[in-house]
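Accompanying notes for the structure given below.
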Amino acid sequence: MQQLHNLILYNFLHMAKLSHVFILHCWSMDSLTHLGLLAQSKNIFTQFKQLDSELNPNDNFLSHNLPKIGVFLDINCNQSDVVLNMANAKRLYSHRFHWLIYDELGNFLNVESHFKEAKLFIDADITYVKQDPITENFVLFDLYNKGRQLGGKLNITADREVACNKRECRVERYLSDLHKRNPLQHRKYFTGLTIRATAVVTALPLNVSIEKIFDFMEAKDRIHLDTYGRLGYQSRQPLKDMLDCNFKYIFRDRWSADGNVTGGMIGDLILGVADLSIAPFVYSFDRGLFVMPITKFSDFREICMFRNPRSVSAGLSATEFLQPFSGGVWLTFALILLLAGCLLWVTFALERRKQWKPSLLTSCLLSFGAGCIQGASLTPRSMGGRMAFFALMVTSFLMYNYYTSIVVSKLLGQPIKSNIRTLQQLADSNLEVGIEPTVYTRIYIETSEEPDVRSLYQNKVVGSKRSPDRIWLLTEEGVKTVRDQEGFVYITGVATAYEFVRKFFLPHQICELNEIPLRDASQTHTVLAKESPYAELLKLCELRMLETGIHFKHERYWMRTKLHCYQHNHTVAVGLEYAAPLFILLLGAMILCVGVLGLEVIWFRHSTLH
């Protein structure tokens with residue numbers, strides 16, 4: 001018995017690297033005392049459960065919160081069948097339990113009868129032990145099944161022969177090459193098996209022939225149709241070669257039904273109908289209760305896109321052409337021109353004593369003309385006066401260059417964006433809205449509890465007087481409408497819309513696009529049901545495809561998530577919305593001049609009559 005105790009500690013401590021062990025036994029108290037003291041000396045925490053008395057199948061004595069725990073079971077005890085049936089019903093043959101099953105009688109038929117139909121999977125960690133009657137060494141066997149639902153069968157592989165004495169155990173010989181790699185590497189090939197994969201198709205009705213569905217999923221044209229579903233289908237074809245297996249596809253018309261955790265593909269995963277999801281999911285809190293993400297799939301963004309409406313009243317401001325300089329600069333420049341006008345008047349008065357001399361107003365007008373780079377019809381004759389006039393012209397030239405450079409850079413710079421920046425502002429505006437009729441976009445807009453999304457749906461869809469076919473627009477039609485109808489808003493996903501934007505928009509039109517996020521940008525993930533036995537293997541395969549660039553190759557072809565704005569490759573046409581302030585200033589100056597002229601006429605007549 002001491003040899004068996006040493007084997008138990010050797011298996012759990014050195015082979016499985018575990019320090020928490022549950023002993024299911026039908027032994028005497030002396031044997032338990034020896035095993036308990038031996039485990040205590042090795043710093044192993046042990047719990048014991050007697051199998052002589054009747055057990056309740058609903059008992060949860062094996063429940064725990066540890067990452068992994070070791071379980072020793074003497075299969076020859078009276079209640080061992082109850083324990084094995086309970087473990088099978090509760091799916092305890094998983095990576096969270098390391099089972100060491102000891103058979104003193106060495107009856108292979110008994111083991112096969114228990115585990116042939118058991119719920120064993122690829123992550124099972126079960127070691128079967130029997131004793132060689134000749135050498136009295138212990139022979140360890142590895143038990144697993146890659147999945148009965150996939151067509152797998154029970155596999156019992158001899159691992160090693162261990163010799164134990166009253167003090168220690170050692171490996172006598174290896175009976176296979178299992179020790180050269182971890183169990184997952186040994187079981188990673190699914191040759192001859194069929195994995196159940198759930199996929200989504202929304203562009204075709206599910207009642208069409210399966211051949212048409214496969215032709216559509218394998219096609220590389222019209223990438224705006226079922227972008228995520230077809231990307232997932234094509235990027236996971238190498239997975240079949242990596243696992244050396246076949247896929248049995250279950251096609252659905254949606255990711256999930258109401259509540260995000262029922263129906264569709266996610267219902268297949270949760271209910272165990274499928275082992276793998278082909279299309280990605282947006283991970284959320286309610287889904288996180290039932291599924292887990294294993295790898296990042298792609299970016300996911302939905303936006304409201306539109307071009308600025310160009311109207312006469314758009315952005316008009318009387319100070320548009322005064323903005324390059326601050327008020328202090330304009331005032332300083334005006335005082336300089338006024339001072340220069342006064343100095344010119346004094347200069348002309350000294351130089352033209354016997355000739356016609358310009359008035360003070362005329363001198364100031366000459367100074368203003370020089371400031372506007374218009375030159376002057378009269379110039380001083382003296383050297384000092386000409387040097388002063390030259391200094392005025394240089395100052396005006398520098399001011400003019402600063403002014404024109406700022407104005408031109410503003411006209412050639414980034415187009416002015418709309419002041420509509422939020423969904424609520426969009427919902428309250430008078431802009432027309434079109435929506436892409438993809439499943440995830442439509443369901444989100446119609447069922448979201450976000451206040452701004454509800455307001456948008458009520459104002460632009462429910463309360464709209466337009467026909468539904470003018471609201472729910474296909475991607476190509478919606479993008480073209482944004483291009484041709486300034487101020488039209490199209491709600492779409494960037495993965496589908498950007499392909500048409502790059503195709504139909506001119507570069508400067510791309511720069512004019514405004515984007516309002518429909519919801520926060522996120523990422524889609526490949527997900528599996530929680531406690532899926534294939535999670536670790538599929539995660540490693542997915543990471544391998546990411547490392548080698550296989551997935552990125554497909555993603556780069558199918559996804560367009562970025563637009564490039566080239567502003568300086570076209571002639572900028574200054575519209576009325578930019579030039580209107582200039583004409584407003586000109587009109588104001590003309591009205592002022594006419595008013596001054598009228599005052600002069602009135603003053604002249606008044607002077608003539610008196």
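The two residues Asp428 and Ser455 come nearest to each other via the heavy atoms OD1-OG, 4.4 Å. Among all heavy-atom pairs drawn from Leu269 and Ala274, the shortest one is CD2-O, 4.0 Å. Scanning both residues, Ile491 and Cys304, for their nearest heavy atoms gives CG1-SG, 3.6 Å. What you find for Asp299 and Met559 is that their closest heavy atoms are O-CE, 3.8 Å. Listed here is the closest heavy atom pair of Ala427 and Lys460: O-CE, 3.7 Å. Residues Phe190 and Leu537 approach most closely at CE1-CD2, 3.2 Å, considering heavy atoms.
Judged by distance alone, with hydrogens and angles left aside, the side-chain atoms of Gln185 form a donor-acceptor pair with the main-chain N or O of Asn182 at under 3.5 Å. In this structure, Tyr557 contributes its side chain and Leu231 its backbone to no donor-acceptor pair below 3.5 Å. Judged by distance alone, the side chain of Ser113 and the main-chain N or O of Asn110 form a donor-acceptor pair under 3.5 Å. Listed for the Arg196 side chain is a donor-acceptor partner under 3.5 Å among the backbone atoms of Gly272. Of the possible donor and acceptor atoms, one in the side chain of Arg96 sits under 3.5 Å from a partner among the backbone N and O of His64. A donor-acceptor pair under 3.5 Å links the side-chain atoms of His179 to the main chain of Ser176, judged by distance alone. The closest donor-acceptor contact from the side chain of Thr496 to the backbone of Gly493 lies under 3.5 Å. Within the 3.5 Å criterion, the main-chain N or O of Ala219 finds a donor-acceptor partner in the side chain of Arg230. Thr524 places a side-chain N or O within 3.5 Å of a backbone atom of Ser298 that can act as its donor or acceptor partner. Side chain of Tyr490 to main chain of Leu473: a donor-acceptor pair is present (N/O by atom type, distance under 3.5 Å, no hydrogens or angles).
Side chains of Ile266 and Val291 form a contact here, defined as non-hydrogen atoms less than 4.5 Å apart. Side-chain contact between Trp472 and Val461: present, with at least one pair of heavy atoms (C-beta onward) separated by less than 4.5 Å. Within the 4.5 Å cutoff, side-chain heavy atoms of Leu528 are placed close to those of Leu276. Using a 4.5 Å heavy-atom threshold, the side chains of Phe22 and Phe97 count as separate. A heavy-atom distance below 4.5 Å is not found between the side chains of Asp275 and Phe121. Looking at Lys130 and Phe141, their side chains come closer than 4.5 Å, going by heavy atoms from C-beta outward. By the 4.5 Å heavy-atom criterion applied to side chains, Ile75 and Asn107 are not counted as neighbours. Counting only heavy atoms from C-beta outward, the side chains of Asn145 and Tyr93 never approach each other to under 4.5 Å.
A salt bridge links Arg470 and Glu477; the closest N-O separation between the charged side-chain nitrogens and carboxylate oxygens is under 4.0 Å. Arg91 and Glu531 are not joined by a salt bridge, as no carboxylate oxygen comes within less than 4.0 angstrom of a charged side-chain nitrogen. Under a 4.0 Å N-O distance rule, the pair Arg442/Glu446 qualifies as a salt bridge.
Here Asn60 pairs with Ser63, Lys90 under the side-chain contact (heavy atoms from CB on, under 4.5 Å) rule; sequence neighbours left out.
Using modelled atom types, one finds a donor on one side chain and an acceptor on the other under 3.5 Å when comparing Gln234 with Lys220. Between the side chains of Glu555 and Ser235, no donor N or O sits under 3.5 Å from an acceptor N or O. Side chains of Asn88 and His114: no donor on one and acceptor on the other come within 3.5 Å.
Open room surrounds CG on Asn65; 12 or fewer heavy atoms of other groups in view lie less than 6.0 Å from it. Sparse packing is recorded around CG of Asp520, with 12 or fewer heavy atoms of other residues, nucleotides or ligands lying under 6.0 Å away. Within 6.0 Å of CZ on Phe504 lie more than 12 heavy atoms contributed by other residues, nucleotides or ligands.
Under the salt bridge (Lys or Arg N to Asp or Glu O under 4.0 Å) criterion, the residue pairs touching residues 537-549 are Arg236-Glu542, Arg544-Glu547, with sequence neighbours excluded.
Atoms CG and CG, on Leu140 and Leu175 in that order, are 9.0 Å from each other to the nearest 0.5 Å.
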Evaluate side chain to side chain contact (heavy atoms under 4.5 Å, CB included) for Val71 paired with Leu92, printing each intermediate quantity in order.
CA-CA 10 Å; Val71 179; Leu92 301 184; over 6 Å; no
Could you walk me through whether Leu18 and Ile69 pass side chain to side chain contact (heavy atoms under 4.5 Å, CB included), step by step?
CA-CA 7 Å; Leu18 297 175; Ile69 193 173; 5.9 Å; no
Ignoring hydrogens and angles, write down the donor-acceptor pairs under 3.5 Å from the side chains of residues 240-249, residues two or more places apart or on other chains.
residue, atom, partner, partner atom, Å
Lys240, NZ, Gln237, OE1, 3.4
Asp244, OD2, Thr191, OG1, 2.6
Tyr249, OH, Gln237, NE2, 3.1

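For the salt bridge (charged side-chain N to carboxylate O under 4.0 Å, His left out) with Arg187, the lone residue among Asp125, Asp123, Asp142 that qualifies is Asp142. Only one option out of Glu436, Arg301, His224 pairs with Thr492 in a side chain to side chain donor-acceptor pair (under 3.5 Å); it is Glu436. Of the options Lys17, His98, His95, a side-chain contact (heavy atoms from CB on, under 4.5 Å) to Lys68 is made by His98 and by none of the others.
With Tyr444 as the aromatic partner, Arg519 meets the cation-pi criteria of under 6.0 angstrom to the ring centre and within 45 degrees of the ring axis.
Checked against a 6.0 Å centroid threshold, the rings of Tyr128 and Phe108 count as neighbours.
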